[in-house]
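Comments concern the structure below.
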Amino acid sequence: MILTLTLNPSLDRTIEIGSLDRGAVIRAAAAHLDPGGKGVNVSRALLANDVASRAVIPYGGDEGRQLVRLLAAEGLDMVTVPVTGATRSNVTLAEPDGTVTKINEPGTALSPAELDTIADAVLASAHAGEQGADWVVASGSLPPEVPADVYARLCRRFAGAGIHVAVDTSGPALSCALAAAPALVKPNLEELSAATGMPIRSLGDVAEAAGKLRAAGARTVLASLGADGAVLVEDGGSWYGEAAVTEPRSSVGAGDAMLAGFLAAGGSGPEALKQALAWGAAAVRLPGSRMPGPADIDPAAVAIRPTDPAHLLTTAFPR
């Protein structure tokens, strides 16, 4: 089973528009309200593909109760932890060419006692029932006032209980987490550059930066590169994969679907990378933050090969 932990979940409203024109009255073509947060999305993607998962979710206020209702309606297996503050709401403006503009609220602070209760809920869930947890996915931004080393502390605690930990976050939270030796980190292009101080212009740069993250403590690095695909670097080697998407709808949650596909396929090796890209590409073809099911996913459309250091990215960072 795969557990997910989202410290800063959200209600995500995605509004499809023709184009973003500042200062104008824009009429929406469609709108979608979905439960959000990176770990929440990972669990939703696993649920859509009948992979056992359980989400641990702190929630508060009217928004939090609505989030829980939406997830319950989807049939998500979850453990909810009430907190004092209110769950945040996010807005995404999606244009027809796949461009998205996101406005994310900061979220609500979590007290040390609430963080301890959340961690206890994860460990209790990991050992509940006949099927224990193989992985805990700790992902997403941190709420205000939560210390940057919280994922590192959680990683040590969960790994000490014999559970593999995947971390998907950014900034100081990612840098701190590396020292706790997570089994997997999943940075995107910008996060990879920020964590290493390197400009990323080629697959060689991606592999070198991933090597730095591994030297800092991460066992495996799955680097998502947007339209350029993804690179996997682990003890067994380095592979590059890409999956073309001719009609993108929304990239919201695509990285979470990618991580879900990778873990569902075993969390290691080129076949897992292939599934990760197939799930991620399928999510890009769907509106809002909908997660793909088996009918949406096409692994045959994914190409996997050894990482070619000379291969240039179409979107470098910094841009």
Side-chain angles (χ1 to χ4, degrees), residues 1-4 34 38-53 55 74-76 98 100 134-135 137 139 164 166 168 183-189 192 203 206-207 210 219-308 311 313-315:
M1 182 176 65
I2 300 168
L3 289 176
T4 66
D34 298 297
K38 296 184 73 62
V40 169
N41 285 336
V42 171
S43 279
R44 292 174 64 226
L46 294 168
L47 171 66
N49 291 275
D50 294 322
V51 179
S53 175
E74 291 186 6
L76 191 74
V100 297
D134 302 306
W135 285 89
V137 176
S139 60
H164 298 300
D168 184 5
L184 170 68
V185 294
K186 196 207 72 63
N188 62 25
L189 188 66
L192 188 62
L203 294 186
V206 174
R219 189 182 317 155
T220 297
V221 177
L222 174 63
S224 57
L225 309 176
D228 282 301
V231 168
L232 171 65
V233 182
E234 60 182 17
D235 287 343
S238 176
W239 297 272
Y240 168 65
E242 55 186 340
V245 179
T246 56
E247 296 183 5
R249 294 285 299 278
S250 172
S251 61
V252 178
D256 307 322
M258 172 184 287
L259 179 55
F262 185 73
L263 296 179
S268 178
E271 182 57 34
L273 176 60
K274 184 175 185 177
Q275 291 296 326
L277 282 161
W279 287 39
V284 172
R285 291 190 289 265
L286 297 173
S289 57
R290 278 183 53 195
M291 291 293 108
D296 305 305
I297 297 169
D298 182 14
V302 179
I304 302 292
R305 54 185 179 273
T307 303
D308 175 7
H311 182 98
L313 303 179
T314 59
T315 303

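Quantities reported herein were computed from a predicted structural model and do not represent experimental measurements.
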Side chain to side chain, L286 and R249, heavy atoms closer than 4.5 Å: no
Do the side chain of D134 and the main chain of M1 share a donor and acceptor less than 3.5 angstrom apart? yes
One should read off an interatomic distance between K38 NZ and K186 NZ, to the nearest 0.5 angstrom, of 5.5 Å
Judged by atom type as modelled, is there a donor-acceptor pair below 3.5 Å linking the side chain of S139 to the main-chain atoms of G39? yes
Verdict with supporting geometry, V206 and L313, side-chain contact (heavy atoms from CB on, under 4.5 Å): CA-CA 10 Å; V206 174; L313 303 179; 4.2 Å; yes
Check whether any side-chain heavy atom of L232 sits under 4.5 Å from a side-chain heavy atom of F262, and report yes or no. yes
Donor-acceptor under 3.5 Å (D296 side chain, G293 main chain): yes
Exactly one of L46, L184, V51 should register a side chain to side chain contact (heavy atoms under 4.5 Å, CB included) with L263. Which one does? L184
Nearest heavy-atom neighbours spanning I304 and G241: CD1-CA, 3.6 Å
Could you walk me through whether W135 and H164 pass side-chain contact (heavy atoms from CB on, under 4.5 Å), step by step? CA-CA 5 Å; W135 285 89; H164 298 300; 3.5 Å; yes
Determine, for R285 against E247, whether the closest basic-nitrogen to carboxylate-oxygen distance falls under 4.0 angstrom. no
Going by side chain to side chain contact (heavy atoms under 4.5 Å, CB included), S53 matches just one of L3, V137, T4, L47. Which one? T4
Working to the nearest 0.5 Å, report the span between CG of L259 and CG of N41. 11.0 Å
Given V231 and S238, is the side-chain contact (heavy atoms from CB on, under 4.5 Å) satisfied, shown in steps? CA-CA 7 Å; V231 168; S238 176; 4.0 Å; yes
Check whether any side-chain N or O of E234 sits under 3.5 Å from a backbone N or O of G269 as a donor-acceptor pair, and report yes or no. yes
Between H311 and R305, does a side-chain contact (heavy atoms from CB on, under 4.5 Å) hold up when you go through it step by step? CA-CA 12 Å; H311 182 98; R305 54 185 179 273; 4.1 Å; yes
Can you name the nearest heavy-atom pair linking V233 to A207, along with the distance? CG2-CA, 4.4 Å
I want to check something: taking the side chain as every heavy atom from C-beta on, are E74 and M291 in contact at a cut-off of under 4.5 Å? no
Is the shortest side-chain heavy-atom distance between L222 and S224 below 4.5 Å? no
Does a donor on one side chain and an acceptor on the other come within less than 3.5 Å for D228 and T314? yes
Are any non-hydrogen side-chain atoms of D168 and D256 less than 4.5 angstrom apart? yes
